[in-house]
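In what follows, chains carry the letters A, B, and so on, assigned in the order in which the sequence lines appear, proteins first and then strands, with residues in each chain numbered from 1.
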Protein chains: 2
Amino acid sequence: METPAPTTRFADPPAGTPRRPGGRSARVRRRVLDTVITLLVERGYDALTVDAVAERSGVHRTTVYRRWRDVGGLLADVLAEATGDDWQPRDTGSLRGDLEAINQEVHEALTAEPPLTGALIAASFRSPPAAAALRAFWADRYERCAVVVARAVARGEAPAGTDARALLVAATAPVYHELLLLRSGADLTVAAQAARTAAVAARAGAFVTA
Amino acid sequence: METPAPTTRFADPPAGTPRRPGGRSARVRRRVLDTVITLLVERGYDALTVDAVAERSGVHRTTVYRRWRDVGGLLADVLAEATGDDWQPRDTGSLRGDLEAINQEVHEALTAEPPLTGALIAASFRSPPAAAALRAFWADRYERCAVVVARAVARGEAPAGTDARALLVAATAPVYHELLLLRSGADLTVAAQAARTAAVAARAGAFVTA
DNA sequence: TCCTTAAAGCGACGACTGTTGCGATAAGAT
DNA sequence: ATCTTATCGCAACAGTCGTCGCTTTAAGGA
């Protein structure tokens, strides 16, 4: 004659936001996320299973499944934690130089071993939370890079009204495309070439929208 | 006192190339590949398991596993079959128009429902055969598109020595980037904008390598 | 300090994945 | 027509994935 026990717990917050975020939950979260990074670095993406994370971290399988649902959820949480860093684009003195510097970092991230970025992207195709986290990460990055365009406009390297995002996408997209999709064994010249092209197009006013 | 039976069959050709490609093997292949496409269209990528394909096609699980190994192998075979079509880029009379037409097709492919292209790309991150097939497909497409650049050079819209592949990648990469990675709800203007930018850069000689 | 109950731990389960050994069938050569 | 053997069908298996009902622990409020 009591109220029936709820069949599902954790109804409202789907993952990562316990209503008692204190001591134990915090410790569990920390141990799990640390383990995710460790496993990813040591054994790569394919070895990153929920079971492996659970065993290695000493947290029970069921707990991981309930709080993070799957590997994508785990990666999303790791990524969310990493998004709030203090990264800023370098200031090299020219638009082309700035874009080249950005593209070099993109190139490094995409060719790093183990392929952490690649793992996140692969996961984003299977897990909506991972996709959302990655989208947020990139939105943040592109926003911070807008200052590069502002500086270029101030120097007269691009006309006023230049669409910063479009310019940045044009500069970086070829690097992602070659390395991630076409998987050509592209070296750093791709990064430089794409940056140069975007700078030329910007000067010609190709990114002025209105 | 006979030679011991080999424990593994299908040693040399890993997939899809039986040494007796005749009647039965051909029928099995056809039924399986048709089923892959059907399932992909009807239920999407996540429902595309080896078991589902086996059951639906009436071919035994074991046979599918032996010939195609996994879902990636199945998709790779489907893709290989689709690569040999007679596709050609449209001739609109201008570089910008040609690039726009190409980008429109890319846009369509990436936003099609169900997301067949997306499924292939997702699979390419997990299966080397699928990745190889996709790479071959794109290499073929970019090669066929080179004629667009040749026409542009002939019309004087780009200087001689323009790197066709670099130009085409610059034109198309932003569309893939926005739709696949950034997942912004980008409409066709992205396609047009990227084509326009690439055309401007080409005219300015941004793709002349030497 | 005590109480309520959110969250973690536990064991078992059904479903699915991929493999193996063996027998049955038929492709392709003679 | 006959024979060899590549390929397919079959059944059973271990391993993994994700879930569920239940118990135990401890977070956070009184």
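A straight line from CG of B:D51 to P of C:dC16 spans 8 Å, rounded to a whole angstrom. Regarding A:L48, its CG atom lies at a distance of 15 Å from the P atom of D:dT16, rounded to whole Å. At whole-Å resolution of the value, CD in B:E55 and P in D:dC10 are 13 Å apart. Rounding to whole angstrom units, CZ of residue A:R67 and C1' of D:dG18 are separated by 18 Å. Between the CZ atom of B:R29 and the C1' atom of D:dC8 there is a distance of 17 Å, given to the nearest Å. One interatomic measurement links the two molecules: CZ of B:R126 to P of C:dT17, which rounds to 13 Å at whole-angstrom precision.
Of the candidates D:dA11, D:dT19, C:dG21, D:dT19 carries the atom nearest the A:T62 side chain, counting heavy atoms from C-beta on. When the nucleotides D:dC8, C:dG18, C:dA8 are ranked by their closest atom to the side chain of B:V50, C:dG18 comes out on top. Residue B:H60 has its side chain nearest to D:dC10 when only C:dT17, D:dC10, C:dG9 are considered. Here C:dA27 is the nucleotide among C:dA27, D:dT19, C:dA8 with the atom lying nearest to any side-chain atom of B:R27. The nucleotide whose nearest atom lies closest to any side-chain atom of A:R66 is, among C:dC22, D:dG21, C:dG11, D:dG21. Distances from the side chain of B:Y65 to the nucleotides D:dC10, C:dA8, C:dT17 place C:dT17 closest.
Counting non-hydrogen atoms under 4.0 angstrom, B:D70 reaches nothing in the nucleic acid.
Residue B:S25 places at least one side-chain N or O closer than 4.0 Å to OP1 or OP2 of D:dC8. The shortest distance between the side-chain N/O atoms of A:T63 and the OP1/OP2 oxygens of C:dG9 is below 4.0 Å. Taking side-chain N and O atoms only, B:R24 has no distance below 4.0 Å to OP1 or OP2 of C:dT25.
Heavy-atom contacts from other residues, nucleotides or ligands closer than 6.0 Å to CZ of B:R30 number more than 12.
Considering only heavy atoms from C-beta on, A:E105 stays 4.5 Å or farther from A:R141 through its side chain.
B:T117 places a side-chain N or O within donor-acceptor distance of the main-chain N or O of B:A109, the cut-off being under 3.5 Å.
Place B:G58 and B:R61 on DNA chain D by their nearest nucleotides, and B:G58 ends up nearer the 5' end.
Of the inter-residue distances, the one linking A:Y176 atom OH with B:L182 atom CG reads 8.0 Å to the nearest 0.5 angstrom.
Cation-pi geometry between A:R135 and A:Y142 is not met: the NZ or CZ atom fails to fall both under 6.0 Å from the ring centre and inside 45° of the normal.
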